[in-house]
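Beneath this line is the structure, given in structure tokens, with notes to follow.
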Amino acid sequence: KLINKTFKDLELTKNMLIGVDIDVKTSDIDYVFPYVDDSDDIWYSEYEKYYSGCYEGDKANGMARYKTYDLLKYKFRCIEKNMPWVRNIYMIVASPSQVPQWLDTNKVKIVYHKDIIPEELLPTFNSTTIEMFLHNIDGLSEYFLYGNDDLYPTGKVTPNMFFRNGKALLFINKRLP
């Protein structure tokens, strides 16, 4: 099974590798992720305003998806330690109140929803909506990695885990049509 193999153990075949011809330099790869601080009162009041008519079970499940557990510092430490080749880190947030006070914005580029998503689609609490507009991030490399705020590179990660022989790697299940 593909899921149980590590990148190191994975033997690529034509059935498992899809790519496009690109010339990727390590210095060209950015890292992008959306972030929500559920303890932010400004964000929470917006969330309540738009979810006030929802079934309580849906609302509770939704809030569980936004829980941060104060782990953001560890994400940055993991990227710095295990992905030192990343050119820029872009953190996508709803508003300035979502940016932690301790964050060094010289190292992390802050992107607000309003800067990439059309106004008629805001506010959004849906990462799929955000993902549809990543291409609007000013200065974003054509070659970037996208992960959610709960994805941590806990071991060494190299660019050839994502890009190889001039191709972006995409791993798929061989059983898919």
Side-chain angles (χ1 to χ4, degrees), residues 6-7 24-52 54 56 58-163 168:
T6 65
F7 281 110
V24 179
K25 297 181 185 98
T26 300
S27 61
D28 291 340
I29 303 170
D30 291 337
Y31 188 90
V32 182
F33 71 97
Y35 173 73
V36 173
D37 177 0
D38 65 318
S39 68
D40 173 20
D41 292 335
I42 295 170
W43 176 86
Y44 187 75
S45 68
E46 278 287 290
Y47 179 82
E48 281 288 306
K49 182 171 140 184
Y50 287 92
Y51 275 84
S52 62
C54 290
E56 285 300 313
D58 288 343
K59 196 162 107 179
N61 288 336
M63 280 308 295
R65 296 176 59 208
Y66 298 113
K67 194 75 181 143
T68 64
Y69 301 102
D70 294 321
L71 297 175
L72 190 60
K73 288 180 185 179
Y74 300 105
K75 180 172 187 75
F76 291 120
R77 288 178 190 157
C78 286
I79 293 171
E80 187 174 55
K81 179 180 178 185
N82 297 311
M83 300 172 77
W85 43 267
V86 165
R87 181 183 76 154
N88 293 308
I89 299 172
Y90 291 89
M91 185 171 84
I92 305 170
V93 296
S95 66
S97 64
Q98 288 284 290
V99 180
Q101 296 280 337
W102 52 263
L103 185 64
D104 183 350
T105 55
N106 293 316
K107 290 185 175 183
V108 178
K109 297 180 185 300
I110 304 302
V111 177
Y112 299 109
H113 292 181
K114 69 179 181 63
D115 295 334
I116 62 170
I117 301 171
E119 186 178 348
E120 61 270 16
L121 301 178
L122 294 174
T124 186
F125 303 96
N126 184 314
S127 62
T128 304
T129 303
I130 296 166
E131 291 163 7
M132 289 177 17
F133 295 98
L134 294 178
H135 65 278
N136 289 335
I137 297 174
D138 189 35
L140 181 64
S141 175
E142 187 174 349
Y143 315 111
F144 64 90
L145 302 173
Y146 174 81
N148 286 310
D149 60 352
D150 58 355
L151 180 68
Y152 299 87
T154 58
K156 287 291 180 200
V157 178
T158 62
N160 72 353
M161 292 176 167
F162 307 99
F163 304 97

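One-based numbering along the sequence shown. As the structure is a computational prediction, the values presented were derived from the model and not from experiment.
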Do [X] and [Y] have side-chain heavy atoms sitting under 4.5 Å apart?
X    : Y    : answer
P34  : N148 : yes
L145 : M83  : yes
V93  : D37  : no
D115 : N136 : no
I29  : F162 : no

Any donor-acceptor pair under 3.5 Å linking the side chain of K75 with the backbone of L151?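 Pair found, side chain donor or acceptor close to backbone of L151.
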Does K107 make a cation-pi contact with F76, if we ask for NZ or CZ under 6.0 Å from the ring centre and within 45° of the axis?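 No, K107 and F76 do not form such a contact.
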Could you tell me which non-hydrogen atom of D104 sits nearest to which non-hydrogen atom of N106, and how far apart they are?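 Nearest heavy atoms, D104 then N106: OD1-N, 2.9 Å.
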Closest contact, heavy atoms only, Y50 versus P123: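 That closest heavy-atom pairing would be CE1-CG, 3.3 Å.
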Pairwise distance [atom1]([X]) to [atom2]([Y]) - rounded to 0.5 angstrom:
X    : Y    : atom1 : atom2 : result
Q98  : D38  : CD    : CG    : 8.5 Å
Y35  : L103 : OH    : CG    : 9.5 Å
L122 : S95  : CG    : OG    : 11.5 Å

Flag for [Y]-[X]: side-chain donor and acceptor within less than 3.5 Å:
X    : Y    : result
Y44  : E48  : yes
N126 : T124 : no
D28  : S141 : no

Please state whether the rings of W43 and F125 are parallel, tilted or perpendicular, taking 30° and 60° as the class boundaries.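 Ring orientation, 0 to 90° scale: perpendicular.
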